[in-house]
Amino acid sequence: MTNWIELDQNVRSWIKEAGERIRTSFDSELSIKTKSNRNDLVTDMDEATEKYFTEAIRHTYPDHQIMGEEGFGDDLHKLEGVTWIIDPIDGTMNFVHQQRNFAISIGIYDGAVGKLGYIYDVVHDELYFASKGEGAFLQIE
């Protein structure tokens with residue numbers, strides 16, 4: 001049985017930690033690669049952030065599935081049990097060129113039902129989150 005309150009607390013903590021790691025990378029030079037075309041970019045920060053989440057999830061919730069945009073998740077064919085869908089830097093082009101207007105995006109499903117969703121504006125330290133049946137909210141710290 002999934003403890004959704006504990007899971008929510010862990011996600012919020014991990015998102016804040018990942019955001020801090022991204023913010024401290026702003027003065028570093030990025031390693032940038034293209035994926036499917038020249039407008040589909042991935043940076044070393046995308047990869048490091050997704051690895052951070054997948055390692056934390058696998059350590060804490062070894063029976064959960066992970067779908068990650070950068071390929072560090074599982075090879076999924078259907079949603080079963082608890083599944084995390086992660087875009088470590090949603091808006092990579094903005095991240096690369098502006099260092100703003102990007103977010104960490106995470107959705108968590110129970111089977112095929114979306115249960116929790118998070119969008120974290122890293123630069124403004126604003127966390128938008130939603131829980132099925134509870135509504136959507138903004139947390140500013």
Side-chain angles (χ1 to χ4, degrees), residues 1-37 39-141:
M1 192 72 173
T2 301
N3 181 336
W4 292 100
I5 294 170
E6 176 187 280
L7 189 147
D8 174 66
Q9 291 169 345
N10 286 332
V11 175
R12 289 173 194 243
S13 173
W14 296 338
I15 283 175
K16 293 290 188 160
E17 173 65 26
E20 182 59 29
R21 291 173 180 219
I22 292 169
R23 282 189 297 275
T24 60
S25 79
F26 285 166
D27 293 330
S28 304
E29 188 171 326
L30 289 172
S31 170
I32 304 167
K33 300 179 273 190
T34 57
K35 294 193 290 187
S36 62
N37 63 60
N39 292 319
D40 189 10
L41 304 178
V42 63
T43 69
D44 53 341
M45 204 66 229
D46 286 273
E47 293 174 340
T49 302
E50 186 169 310
K51 282 182 188 177
Y52 168 76
F53 282 114
T54 56
E55 289 171 3
I57 295 163
R58 287 190 171 125
H59 175 76
T60 309
Y61 306 104
D63 59 327
H64 290 191
Q65 298 185 104
I66 304 167
M67 180 186 299
E69 182 171 2
E70 308 312 334
F72 295 102
D74 301 308
D75 184 22
L76 301 180
H77 299 285
K78 61 182 171 177
L79 297 177
E80 293 180 332
V82 178
T83 303
W84 299 60
I85 301 174
I86 302 169
D87 188 344
I89 298 181
D90 193 357
T92 300
M93 190 71 81
N94 290 343
F95 173 69
V96 168
H97 294 293
Q98 305 171 354
Q99 290 188 331
R100 57 187 168 86
N101 298 321
F102 67 92
I104 297 171
S105 297
I106 298 176
I108 304 174
Y109 283 71
D110 186 11
V113 177
K115 296 287 280 189
L116 300 170
Y118 305 85
I119 299 173
Y120 180 53
D121 180 334
V122 173
V123 173
H124 296 103
D125 194 20
E126 296 176 344
L127 177 61
Y128 300 84
F129 60 97
S131 177
K132 182 170 178 54
E134 301 295 322
F137 305 92
L138 169 61
Q139 175 184 330
I140 301 172
E141 298 210 20

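Keep in mind that what you see is a predicted model, and the values were worked out from it rather than measured. Only this structure's heavy atoms are used, side chains among them; waters, hydrogens and symmetry mates stay out. Just so you know, residue 1 is the first one in the sequence shown, and it goes up from there.
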Inset, instruction - Please check if the side chain of Thr24 supplies one atom and the backbone of Arg21 the other of a donor-acceptor pair under 3.5 Å. - result: yes

Inset, instruction - For the pair Asn94 (side chain) and Asn101 (backbone), establish whether a donor and an acceptor sit closer than 3.5 Å, ignoring hydrogens and angles. - result: yes

Legend entry - Steps toward side-chain contact (heavy atoms from CB on, under 4.5 Å) verdict (Ile108, Trp4): CA-CA 10 Å; Ile108 304 174; Trp4 292 100; 3.8 Å; yes

Inset, instruction - Verify the neighbour count for atom CG of Asn3: are there more than 12 heavy atoms of other residues, nucleotides or ligands below 6.0 Å? - result: yes

Legend entry - Flag if over 12 foreign heavy atoms under 6.0 Å of CG, Leu138: yes

Inset, instruction - Heavy atoms only: give me the nearest Gly114-Lys132 pair and the separation to one decimal. - result: O-CD, 3.4 Å

Legend entry - Listed once per pair and sorted, the ring-ring contact (aromatic ring centres under 6.0 Å, His included) pairs that draw on residues 120-141, sequence neighbours left out: Phe129-Phe137

Inset, instruction - Would you check, one step at a time, whether the test side-chain contact (heavy atoms from CB on, under 4.5 Å) holds for Val11 with Leu116? - result: CA-CA 10 Å; Val11 175; Leu116 300 170; 5.6 Å; no

Legend entry - Candidate pair Ile106 and Phe53, rule side-chain contact (heavy atoms from CB on, under 4.5 Å), full reasoning: CA-CA 10 Å; Ile106 298 176; Phe53 282 114; 3.7 Å; yes

Inset, instruction - Salt-bridge test for Asp125 and Lys16: reply yes if a basic N is under 4.0 Å from a carboxylate O, no otherwise. - result: yes

Inset, instruction - May I ask you to decide if the ring planes of Phe102 and Phe26 are parallel, tilted or perpendicular, using 30° and 60° as cut-offs? - result: perpendicular

Legend entry - Residue pairs, two or more places apart or on separate chains, that pass side-chain hydrogen bond (donor to acceptor under 3.5 Å, both in side chains) and touch residues 48-58: Arg58-Asp74

